[in-house]
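Each residue takes its place number in the sequence, starting with 1. Only this structure's heavy atoms are used, side chains among them; waters, hydrogens and symmetry mates stay out.
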Amino acid sequence: MLFFLGRPGCLSELVKPLFPNVKEVYELYGKVKLAHLKSNLERPLEELETITITAISDAMSALKLRRIKKGYSYDALKAYLYGTAHRLFLEEKRRESVRKDPSLLINFLKTRKSKLVQRLEELSVEW
């Protein structure tokens, strides 16, 4: 919650020029929290401020440049912010997984067949 209010560069200062209503700012913060929960990251949201700031900055610039297909509205910004934050948190989840198990990065090129595929190949008969 510290990220939400009180410090320079926080969420409320980034969004306040377009949305001065505190309720709207808190709803945007809720979208970021939801994206964080859906990504199943082990690190708390407070440690991921750079990702959150990046997501908000991307969403705000997309709104200002009219790159959001749903239009120039608050609801379109909420949806775009959720999608951007979720994508960035999933990237962090991948990094977290590789840090935890570096063999994931090394072994992804090796072709491993699942047990089901191996069993089907054993049972298959040539025509």
Side-chain angles (χ1 to χ4, degrees):
M1 191 66 176
L2 290 174
F3 170 71
F4 178 64
L5 295 169
R7 291 195 323 250
C10 67
L11 172 73
S12 60
E13 286 190 10
L14 291 171
V15 179
K16 198 178 259 186
L18 287 179
F19 302 104
N21 187 354
V22 175
K23 183 182 176 194
E24 291 176 343
V25 175
Y26 192 72
E27 286 176 0
L28 292 175
Y29 179 69
K31 291 297 178 183
V32 172
K33 283 176 59 174
L34 180 64
H36 178 262
L37 287 174
K38 293 282 185 178
S39 64
N40 292 327
L41 281 166
E42 293 178 4
R43 293 170 56 193
L45 183 60
E46 289 77 22
E47 291 181 15
L48 302 169
E49 284 185 27
T50 55
I51 294 174
T52 306
I53 290 172
T54 302
I56 293 165
S57 299
D58 287 353
M60 294 298 290
S61 62
L63 183 70
K64 289 177 184 177
L65 296 172
R66 299 190 185 267
R67 289 187 310 171
I68 300 176
K69 292 180 182 176
K70 291 186 178 182
Y72 192 81
S73 69
Y74 174 69
D75 291 329
L77 177 67
K78 283 195 312 187
Y80 192 87
L81 175 62
Y82 172 78
T84 303
H86 187 64
R87 179 181 47 83
L88 291 172
F89 286 137
L90 286 179
E91 288 176 8
E92 182 61 29
K93 178 68 175 176
R94 287 185 210 112
R95 286 188 211 101
E96 193 175 83
S97 298
V98 168
R99 274 187 235 116
K100 191 184 298 182
D101 185 15
S103 66
L104 290 174
L105 185 62
I106 297 168
N107 293 335
F108 83 97
L109 289 176
K110 292 182 182 177
T111 56
R112 290 182 286 169
K113 296 179 182 176
S114 68
K115 291 179 182 179
L116 178 64
V117 172
Q118 289 174 353
R119 183 71 178 141
L120 287 173
E121 287 178 349
E122 291 171 4
L123 296 174
S124 66
V125 179
E126 289 187 30
W127 292 82

Is Leu45 reachable from Leu41 through a run of hydrophobic residues whose side-chain heavy atoms are each under 4.5 Å from the next? yes

Can Leu37 be reached from Tyr26 by stepping across I, L, V, M, F, W or Y side chains whose heavy atoms are under 4.5 Å apart? no

Looking at every heavy atom in both Leu77 and Ala59, which two are closest together, and how far apart are they? CD1-O, 3.5 Å

What is the minimum heavy-atom distance between Lys31 and Tyr82, and which atoms define it?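 For Lys31 and Tyr82, the tightest heavy-atom pair comes out as O-CD1, 3.6 Å.
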
Measuring from [X]:[atom1] to [Y]:[atom2], what's the distance to the nearest 0.5 Å?
X: Arg99; Y: Asp101; atom1: CZ; atom2: CG; result: 13.0 Å
X: Phe89; Y: Leu34; atom1: CZ; atom2: CG; result: 10.5 Å
X: Tyr74; Y: Glu27; atom1: OH; atom2: CD; result: 3.5 Å
X: His36; Y: Glu46; atom1: NE2; atom2: CD; result: 8.0 Å
X: Met60; Y: Leu28; atom1: CE; atom2: CG; result: 8.0 Å
X: Leu81; Y: His86; atom1: CG; atom2: NE2; result: 13.0 Å

Assess whether a salt bridge exists between Arg95 and Glu92, defined as any Lys/Arg side-chain N lying under 4.0 Å from an Asp/Glu carboxylate O. yes

Is a salt bridge present between Arg87 and Glu91, judged by a nitrogen-to-oxygen distance below 4.0 Å?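 Answer for the salt bridge query: yes.
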
Should the heavy atoms of other residues, nucleotides or ligands under 6.0 Å from NZ of Lys93 be counted, would the total exceed 12? yes

Can you tell if the side chain of Lys70 reaches within under 4.5 Å of the side chain of Asp75, non-hydrogen atoms only?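 Answer no - side chains too far apart.
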
Only one of Thr54, Thr52, Ile53, Asp58 passes side chain to side chain contact (heavy atoms under 4.5 Å, CB included) with Ile56; say which it is.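 It is Thr52, the one option of Thr54, Thr52, Ile53, Asp58 that forms the side chain to side chain contact (heavy atoms under 4.5 Å, CB included) with Ile56.
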
